[in-house]
Amino acid sequence: MSIQISPTPEQAARDFAEYFAGWAKGRPRINLALSGGSTPKALFLHWAAHYRESIGWENIHFFWGDERCVPPDHEESNFRMANECLLKPLGIPEHRIFRIRGEGEPVAEARRYAQVLQQNLPSRRGLPAFDMILLGMGEDGHTASIFPHQMSLLTEAAPCALAIHPDTGQPRITLTGPVLNNASDVVFLVTGAAKAGIVKEIIEGQEHSLRYPAAHVAPKEGKLLWFLDEAAF
Ligand code: 6PG
């Protein structure tokens with residue numbers, strides 16, 4: 001596990017963007033899963049504004065770690081935010097964008113997306129293997145859309161599953177724990193004081209941290225990296 005602590009959320013995004021540029025160099029094909037929520041917006045805008053030439057975007061295939069079950073133009077859509085802040089500005093062609101169809105029937109879409117992963121990613125230990133998965137973490141320690149009330153999704157055999165937001169009841173599609181831990185690299189980009197207690201518990205491996213889904217993300221053969229701002233640690 002490696003931890004990078006930056007003074008501000010914006011600097012954490014910039015520091016990860018710079019790390020990613022070096023990590024991506026020379027890789028002929030990158031299967032990258034993007035996180036959702038609000039944190040990655042600064043990263044996407046920074047990538048689009050300052051890394052157009054210095055990252056080989058033509059080698060990158062975009063997937064998502066989770067999606068809200070809403071249409072792709074809905075204000076809560078993770079795809080919509082990434083599309084507006086990163087994919088459209090960089091002119092990423094549709095054939096390298098593999099969005100989760102939030103508008104679909106959730107159980108059928110979880111099955112469909114699992115097939116998309118199996119058809120487009122290499123397999124490792126019988127599961128789709130991402131080169132990198134970018135994750136956020138909620139104030140309850142959830143990651144992707146694996147929430148504390150649905151810990152079984154951490155060991156779910158299917159690569160994708162239907163999840164339910166505990167407060168709003170919103171249905172979501174999420175990658176499950178075994179796929180997250182099958183990636184070569186997993187990066188948490190987490191900022192803000194509201195998450196500091198949980199981040200510290202998880203990173204320090206404190207006894208009760210396993211009640212948080214994010215504490216169960218530990219790539220079997222890959223690297224786990226945390227990019228934080230000072231407030232989050
Ligand atoms: C989502 C995300 C989720 C997110 C955390 C943090 O769809 O909401 O994938 O796991 O990363 O909830 O969200 P913020 O970045 O908005 O704090």
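Both ligands and their constituent atoms are indexed starting at 1 by order of listing. Just the heavy atoms: all of them, side chains too, but no hydrogens, waters or symmetry mates, feed the values below.
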Problem set entry | Sequence neighbours excluded - side chain to side chain donor-acceptor pair (under 3.5 Å) pairs with any residue from residues 175-198 |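 The answer is W23-D185, R124-S184, R125-N182.
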
Exercise. Can you list every ring-ring contact (aromatic ring centres under 6.0 Å, His included) pair that touches residues 119-145, not counting sequence neighbours?
Worked result: F63-F130, H142-F147

For this session: Could you give me the CA-CA distance, side-chain angles and deciding distance for R99 and F62, then say whether side-chain contact (heavy atoms from CB on, under 4.5 Å) is met?
Result: CA-CA 8 Å; R99 71 177 181 91; F62 294 89; over 6 Å; no

Exercise. Please, which pairs that meet salt bridge (charged side-chain N to carboxylate O under 4.0 Å, His left out) have at least one residue in residues 68-93, sequence neighbours excluded?
Worked result: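 Residue pairs passing salt bridge (charged side-chain N to carboxylate O under 4.0 Å, His left out), neighbours aside: R80-E84.
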
For this session: Measure from the side-chain N and O atoms of E204 to the backbone N and O of Q206, and report whether any donor-acceptor pair falls under 3.5 Å.
Result: no

For this session: Ignoring hydrogens and angles, state whether a donor on the side chain of Q115 or R112 is under 3.5 Å from an acceptor on the partner side chain.
Result: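 No, no side-chain donor-acceptor pair sits under 3.5 Å.
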
Tabulating one pair per line, provide the atom names and distances (0.1 Å) for every N/O atom of ligand 1 that is less than 3.5 Å from a protein N/O atom.
from, atom 1, to, atom 2, distance (Å)
ligand 1, 7 (O), D66, OD2, 2.8
ligand 1, 7 (O), R68, NE, 2.9
ligand 1, 7 (O), N78, ND2, 2.9
ligand 1, 8 (O), R68, NH2, 2.8
ligand 1, 9 (O), G36, N, 3.3
ligand 1, 9 (O), D66, OD1, 2.6
ligand 1, 9 (O), D66, OD2, 3.0
ligand 1, 10 (O), A144, N, 3.3
ligand 1, 10 (O), A144, O, 2.6
ligand 1, 12 (O), H142, NE2, 2.7
ligand 1, 15 (O), S38, N, 3.3
ligand 1, 15 (O), T39, N, 2.8
ligand 1, 15 (O), T39, OG1, 2.6
ligand 1, 16 (O), S38, N, 2.8
ligand 1, 16 (O), S38, OG, 2.7
ligand 1, 17 (O), K195, NZ, 2.6

